[in-house]
Amino acid sequence: MNKPLYIYNTLSRKKEEFKPLVEGHVGLYVCGPTVYSNSHLGHARPYITFDLLYRYLTFLGNKVRYVRNITDVGHLEDEVEGVGEDRIAKKARLEQLEPMEVVQKYMNTFQHNMDQLNIIRPSIEPRASGHIIEQIQMIEEILEQGYAYEINGSVYFDVEKYNKDYHYGKLSGRNLEDTLTNTRKLDGQDEKKNPFDFALWKKASPEHIMRWPSKWSDGFPGWHLECSTMSTKYLGEQFDIHGGGMDLTFPHHECEIAQNTASKGKEAVKYWMHNNMITINGQKMARSLGNFITLDELFSGTHEILEQPYSPMTIRFFILQAHYRSTVNFSNEALQASQKGLERLMSAVDVLGELKSSEASTVEIKGLQEKCFEALSDDLNSPIAIAHLFDGVKMINSIKAEKETISADDLQELKEFYHTMVFDILGLKKEDETASADNETVAGLMQLVISLRQNAKTAKDWATADKIRDKLKEIGIIVKDTKDGAEWEKE
RNA sequence: GGUCUCGUGGCCGAGCGGUUAGGCAGAGGUCUGCAAAACCUUGUACAGCGGUUCGAAUCCGCUCGAGACCUCCA
């Protein structure tokens, strides 16, 4: 594909042609989860979005280093009482666990859920707790440059000072003066020179469990710092793409820019990409709002608002059917539609494998492929690409129904194309794979059953033929009579 | 209050100045012993009111409604 890839850059608020700093190599950093409870549907969105990006960039011939952190140091939670408490530490106390035990538990389930969604694991999945030394180093650099100050064992970023030399707010489109007048007063911030200053290092209160020694105090790093530190460490002082959820744009990513710029004197990220939120009843799905459905609940159908379980691939397909910068609204109806649509797409891929070629094609293959790649190259427009794939489904079914024909060359090309698009780029996979050891046995048995039923049909013994079909249906096998004999598939 | 986004047919969701998006659901038909699948045909849209234009879902203004960020969040 020699069409350029365009991606929407939050910095410029428009689509830009993507050109890596080093041709053929792409550095990609995506903000990972804070592992203090189960992953929910909302989490699926960014990681599927950036998995698509990763897969597509790779398909386009790039070598991609994909870094996605695990936040295991915990973010400060602003309690009503004003006592900031570390989320992970809090959870640990509630569950009587070591903080690292909490982290391990939820990191495991997160990774398992991501595997289920067929999300390729990143090249590096660094943990904040493993980079305390690097974070301390970066704080020192920022202090040296004069953009931070220490007070009572804590270190804060001096936003006002920084804003004199650079623009704090360039990513989220705000200026400091407005921010100043509109920042809410929060408790426990008396130490800071200004309310919008943010912590680089925070002294731990006596009861705070997660703590590390530093020259300033026994404490822990500020929450924005880990991403600056780890992206720099693994991708360099400048790299190509930084991604994450829209809700992280401010303040998290704004702070990251400030930290990188303050410590290194230059901006790190060339393209900022942000995915939109998943909504439920029109409202953002978030842990803090308590309206979330965990991925495990979705896969098992155990949440009360779910009418049925939805498989990981249904979820993946559902998310890919919306553009990543639009909100996508959850509903049972929408997910059921995705499930059926996905089944139709996947069975067309199966049909493709059985198609017979003819002398010449009455169908046109090239245009379909171009349209799909064009869509993906236009800021990852997966819904458009999928729409074109469905046009292809119609084509494939017409060939099967012998209303259209396809040449051997075209058929080969079409097969490869669908394989690439569906499996490699969109990252969908077949879900009904039974244990392979069973498959041959089952296939043999089914062949026998089908042939016995065929005998019954030939003898016009409909009662027997229908009984076989009905009983098979009861155990989850669908029999379909076609012109070329009966076919079967698992439900 | 400030900044910003969005309102598309029964549902989800593209399009963003002139052309059928697509999926699911619905209706009719072909095929079939019946069923399923597949195929064909098909209806229902662009929140409202003004304006710009030969032409607007698409641009501008206003009204109404919804949401996001400004505090942890994917």
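Within every chain, numbering begins at 1; the chains are lettered A, B, ... in the order of the sequence lines, protein sequences first and strands thereafter.
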Are a donor atom and an acceptor atom from the side chains of A:Arg287 and A:Ser37 found within less than 3.5 Å of each other? yes
Spacing of A:Thr109 atom OG1 and A:Met114 atom CE [to the nearest 0.5 Å]: 9.0 Å
Which value, in whole Å, describes the distance between the [atom1] atoms of nucleotides [N] and [M]?
N: B:rC11; M: B:rU20; atom1: P; result: 23 Å
N: B:rC64; M: B:rU71; atom1: P; result: 28 Å
N: B:rA25; M: B:rU52; atom1: C1'; result: 40 Å
N: B:rA47; M: B:rC69; atom1: P; result: 25 Å
N: B:rC16; M: B:rA56; atom1: C1'; result: 10 Å
N: B:rG15; M: B:rU63; atom1: C1'; result: 26 Å
N: B:rA35; M: B:rG23; atom1: C1'; result: 25 Å
N: B:rC59; M: B:rG17; atom1: P; result: 7 Å

At under 4.0 Å between heavy atoms, what does [X] touch on the DNA or RNA strands: base, sugar-phosphate, or nothing?
X: A:Gly42; answer: base
X: A:Ile278; answer: base
X: A:Gln283; answer: sugar-phosphate
X: A:Ala334; answer: sugar-phosphate

Are the side chains of A:Arg316 and A:Leu428 in contact, using a 4.5 Å heavy-atom criterion? yes
Side-chain contact test, heavy atoms from C-beta onward, threshold under 4.5 Å: evaluate it for A:Leu52 versus A:Ser382 and give yes or no. yes
Can you give me the N/O atom pairs linking the protein to nucleotides 35-42 of chain B at distances under 3.5 Å, or say none if there are none?
{"residue": "B:rA35", "atom": "N6", "partner": "A:Asp481", "partner atom": "N", "Å": "3.4"}
{"residue": "B:rA35", "atom": "N6", "partner": "A:Asp481", "partner atom": "O", "Å": "3.3"}
{"residue": "B:rA35", "atom": "N1", "partner": "A:Asp481", "partner atom": "N", "Å": "3.3"}
{"residue": "B:rA35", "atom": "N3", "partner": "A:Arg469", "partner atom": "NH1", "Å": "3.1"}
{"residue": "B:rA36", "atom": "N1", "partner": "A:Asp481", "partner atom": "O", "Å": "3.0"}
{"residue": "B:rA38", "atom": "O3'", "partner": "A:Asn397", "partner atom": "ND2", "Å": "2.9"}
{"residue": "B:rC39", "atom": "OP1", "partner": "A:Asn397", "partner atom": "ND2", "Å": "2.5"}
{"residue": "B:rC39", "atom": "O2'", "partner": "A:Lys403", "partner atom": "NZ", "Å": "2.7"}

Centre of A:Phe50's six-membered ring, under 6.0 Å away, within 45 degrees of the axis: is that where NZ or CZ of A:Arg68 sits? no
Could you tell me if A:Arg344 sits above the aromatic ring of A:Phe390, with its cationic atom closer than 6.0 Å to the ring centre and no more than 45 degrees from the axis? no
So, [X] side chain and [Y] main chain: donor-acceptor pair closer than 3.5 Å or not?
X: A:Arg45; Y: A:Asn276; result: yes
X: A:Thr314; Y: A:Tyr310; result: no
X: A:Gln111; Y: A:Asn108; result: no

Verify salt bridge (charged side-chain N to carboxylate O under 4.0 Å, His left out) between A:Asp470 and A:Lys473, making sure each step is shown before the conclusion. CA-CA 5 Å; A:Asp470 293 345; A:Lys473 189 169 187 343; over 6 Å; no
Roughly how many Å is it from [atom1] in [X] to [atom2] in [N], rounded to a whole number?
X: A:Ile70; N: B:rA74; atom1: CD1; atom2: C1'; answer: 13 Å
X: A:Asn38; N: B:rA74; atom1: CG; atom2: C1'; answer: 15 Å
X: A:Leu248; N: B:rA74; atom1: CG; atom2: P; answer: 7 Å
X: A:Leu117; N: B:rA74; atom1: CG; atom2: C1'; answer: 13 Å
X: A:Glu307; N: B:rA25; atom1: CD; atom2: P; answer: 14 Å
X: A:Asn276; N: B:rG67; atom1: CG; atom2: P; answer: 14 Å
X: A:His274; N: B:rU5; atom1: NE2; atom2: P; answer: 16 Å
X: A:Trp223; N: B:rA74; atom1: CH2; atom2: P; answer: 13 Å

Base-paired stretches in RNA chain B with three or more consecutive Watson-Crick or G-U pairs, both distances under 3.5 Å, amount to B:1-7 with B:64-70, B:10-12 with B:22-24, B:26-30 with B:38-42, B:47-51 with B:59-63
Are there any protein N/O atoms within less than 3.5 Å of an N/O atom in nucleotides 13-16 of chain B, and if so, which ones and at what distance?
{"residue": "B:rG13", "atom": "OP1", "partner": "A:Asn329", "partner atom": "N", "Å": "2.7"}
{"residue": "B:rA14", "atom": "OP1", "partner": "A:His323", "partner atom": "N", "Å": "2.7"}
{"residue": "B:rA14", "atom": "OP1", "partner": "A:Ser326", "partner atom": "OG", "Å": "3.0"}
{"residue": "B:rG15", "atom": "OP1", "partner": "A:Asn381", "partner atom": "ND2", "Å": "3.2"}

Could you check, using the six-membered ring where one of them is a Trp, whether A:Tyr234 and A:His131 have ring centers closer than 6.0 angstrom? yes
Output field: ring centroids A:Tyr8/A:His274 closer than 6.0 Å: no
Under 3.5 Å, is there an N or O donor on one side and an acceptor on the other linking the side chain of A:Arg87 and the base of B:rC72? yes
Base of B:rG22, side chain of A:Asp391 - is there a donor-acceptor contact under 3.5 Å? no
Of the listed nucleotides ([options]), which one gets closest to any side-chain atom of [X]?
X: A:Lys457; options: B:rG33, B:rA74, B:rG23; result: B:rG33
X: A:Glu333; options: B:rA68, B:rC73, B:rC11; result: B:rC11
X: A:His43; options: B:rA74, B:rC72, B:rG2; result: B:rA74
X: A:Met277; options: B:rG22, B:rA74, B:rC72; result: B:rA74
X: A:Lys340; options: B:rA68, B:rC24, B:rC11; result: B:rC24

Could you pick out which residue, A:Tyr47 or A:Gln336, lies toward the 5' side of RNA chain B when each is mapped onto its nearest nucleotide? A:Gln336
Once you measure the plane-to-plane angle for A:Phe417 and A:Phe373, does it fall in the parallel (<30°), tilted (30-60°) or perpendicular (>60°) bin? perpendicular
From the list A:Phe110, A:Phe292, A:Phe299, A:Phe330, ring-ring contact (aromatic ring centres under 6.0 Å, His included) partner of A:His40 resolves to A:Phe292
Would A:Trp462 pass as stacked on B:rG33, i.e. its ring centre under 5.5 Å from the base's six-membered ring centre and planes under 30° apart? yes
